[in-house]
Structure formats: structure tokens, C-alpha cells
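Here is the structure we will look at, set down as C-alpha cells.
Worth knowing before you read on, the calculation uses all heavy atoms, side chains too, and leaves out hydrogens, waters and symmetry mates.
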Amino acid sequence: LGGKENSPLERGFDINIAGDQGGQPPSYFAPYRGKGKRDLTGLEEAPNGEYLTDRLAAEAEKFIEKNKDKPFFLYVPHFAVHTPLQGKADLVAKYQPGKSGSQGNPIYAAMLESLDDSVGRIVRKLDALKLGDKTIVIFTSDNGGQCIVGGKDQPPTYNGPLREGKGFLYEGGIRVPLLVNWPGTIKAGTTIAEPVCSIDFLPTLVEAVSGEAPPNTKADGVSLAPLFKGVSLKREALYWHYPHYHLGKPSGAVRFGDWKLIEFYENERRELFNLKSDPGEGRNLASEKPEMVKQLADKLAAWRTEVGAKLMKPNPAYTPNPQASDGSVLLHCK
């Protein structure tokens, strides 16, 4: 977060393999090097053609083996299934292209299978070392799948029936998988419908290892431990802030019970949805429920002030493309 001087080693980690300021790898096949000669930390030496997801699984297994006799925290944020889309040839060949508007990218499917294999390897290593019954395992994602074209390939994935995907504050962009295995605390097969967020992991794990609720700090999240015991969280709302251009438009959102408001920063457009009756966010109720819009917009504005959220500013150097002699105006593709 912030370049080379803010690597994981400067943020509390003792070991760092492959983590740097890049959001995606230069390549999924060794040598892990791009045009700028950027090497992935700790993977400068790798067998030619080695697959990155497999290598990270192996590194995780080695870490568990080395630390099996003491408490440890292992964070494995796979680059997969991020672009560039690159899968192992034998796995890509297993899948057939799908039709538009459905899951149908063979390369993405192959990448996902390799990711699944990695998760399985890590869990099996814990079980083999008899650590499974005293280890909390959390599986999640940072955003919904990218569902619009990025490069020469067809869209990587499809998030239906949810709307849109990565880069958007519609449910397809922010609703993600969350699986938690906590032996002795969470009954196997339990499904919990209450919305939670990745900001909740820190206080949850603090409580898990200390045996008591974390002290009152400025952490954004809340401990999920009560939820796992059948007690609802005392949280009024969840908030999002996305003040830049990447796939979607700059926007903010608030989830309050079944209600969700999205506010677009360019033109202050507001969209209101009831996620219980309309999980696909197909009907904007803003004009029908102006009081609810105001209530949620006020909450969102107050939250931005409370956390010191950075807001966008007009770009004084921006010059729109001029109108051509034939009357046409060329617009940027995004």
C-alpha cells in the first residue's frame, strides 16, 4: 500500500513472498517477470514454466510445516483470478467456451480450478499435521468477478443474477464468497444471512486468539464471534467509498437493513434499492421514497466525514475532445 517502502515487511509481517505494490503479477508462468523487469519478491528463482498459483500453494505448505509447533498467521492473497488471464493448458482444454451472458471463459475456469486446488492443498496440510481442529480458516474475495471485456478476451466471468461486477457498487461488485471454518465455534453447514465485511476480520481474529472481545479501538469492523454463536451484530449500516475511475464510475454506497443507496459523485445521481425484494437491483425506488433517500444520503455523508474519506476534485486540465467537422464527438471508451 503505497509503493516499495510500504511492503508487507513494513506492515507487521515477518515473511513476504510475492507481495509488492503491483495488483497483478507480470505473468502466471515463471519467470515471473514483466516488460519492466519487475520480479516478484522471493520468486526471482523459479523453474521455467512453473505456475504461480501452484508455487504459492507450495510456499504456504512450507510455511505451515515450519511453524506447526507454534501459533501462526498465514495470509495467502492469491493473484488468481486476476488478469492477465493465463491458465495451465491442460486445464484450459477441459472447458468449452460459453454463450454471452453466462459463465463461459475457459481460461478463467482453468485459473479458478488451480485456485481451488491451492485451497485444498493448504487445508490438507493442516489436517495432515493435526492442526485442522485448532485453526481458523477464512476464504473470501476482495470484489466480485470482472464481467466486462478487458483486453482481447471475452469477459472473464458473469455474476448473474446480481448486477454488474468488479469496479461497481452494485451487488455483483461487492457481494463476495465468505466461508469460515472455526472448529468448536461454528457448526458445520451453518448459513448466516447477515451482511458482514472484510473489515470485520481483524477484530474477529483478535477476539479468537485472546478469548475476549477486542478493546474499543478505531478499527472500522466489528467482531463476528457473536454472530457465529447466533447473536445478531449491533451494527446499523455498512458503507463503501469508491472515489475513482476503474471499470465503474466514482460512487459511494450505504447498506441499511434491506435498503441500499448508491450515490454517483459525478452528477449526484442517487439510486435506491430494496435488496430483499430486488436482489438484482433492477428497480430504482429513489423517486418513490425520497425520505429514505435523504435518510441514507445523510448517513453516507456523515460517515465520510467521520472517517476522513478523500473526495474527488474537478480536474482543471481536462479538455473534452472537440467536435469534428462532420458533427461527431469521439468519447473515451470507458
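- For the residue pair E194 / S232, a side-chain donor-acceptor distance below 3.5 Å is found, with atom types taken as modelled.
- Within the structure, the salt bridge (charged side-chain N to carboxylate O under 4.0 Å, His left out) test picks out the following pairs touching residues 231-243 (sequence neighbours left out): D200-R235, E236-K299.
- A side-chain donor-acceptor contact under 3.5 Å links D278 to the backbone of G282.
- No donor-acceptor contact under 3.5 angstrom links the side chains of Y108 and Q146, judged on distance only.
- Note on K260 versus E171: salt bridge recorded, some NZ/NE/NH1/NH2 to OD/OE distance being below 4.0 Å.
- Distance alone, capped at 3.5 Å, places no donor-acceptor pair between the S118 side chain and the S114 backbone.
- Shown here are the side-chain hydrogen bond (donor to acceptor under 3.5 Å, both in side chains) partners of Y32, two or more places apart in sequence or in another chain: E50.
- Residues that satisfy the side-chain contact (heavy atoms from CB on, under 4.5 Å) test with A58, not counting sequence neighbours, are E61, R121.
- Taking E212 as the reference, nothing meets the salt bridge (charged side-chain N to carboxylate O under 4.0 Å, His left out) condition, with sequence neighbours excluded.
- Between H78 and T53, the side chains place no donor N or O within less than 3.5 Å of an acceptor N or O (distance only, hydrogens not considered).
- Shown here are the side-chain hydrogen bond (donor to acceptor under 3.5 Å, both in side chains) partners of Q96, two or more places apart in sequence or in another chain: there are none.
- Proximity of a side-chain donor or acceptor of R304 to a complementary backbone N or O of A309 within less than 3.5 Å is not detected.
- Looking only at atom types and distance, the side chain of S251 has no donor-acceptor partner in the side chain of E263 under 3.5 Å away.
- With hydrogens and angles left out, the side-chain atoms of Y51 and Q86 include no donor and acceptor closer than 3.5 Å.
- Side-chain rings of H241 and Y239 stay apart, their centers remaining 6.0 Å or farther from each other.
- For the ring-ring contact (aromatic ring centres under 6.0 Å, His included) test, residues two or more places apart in sequence or in another chain that qualify with F63 are F72.
- Side-chain N or O atoms of N159 include one that pairs as donor or acceptor with a backbone N or O of G145 at under 3.5 Å.
- Salt bridge absent: K166 and D142 never bring a charged side-chain N and a carboxylate O closer than 4.0 Å.
- The structure places CG of L227 at 4.5 Å from CD1 of I192, a figure rounded to the nearest 0.5 Å.
- With salt bridges taken as basic N to acidic carboxylate O contacts below 4.0 Å, one links E59 and K62.
- Judged by distance alone, the side chain of S223 and the main-chain N or O of A225 form a donor-acceptor pair under 3.5 Å.
- Judged by distance alone, the side chains of Y170 and E271 do bring a donor and an acceptor atom under 3.5 Å apart.
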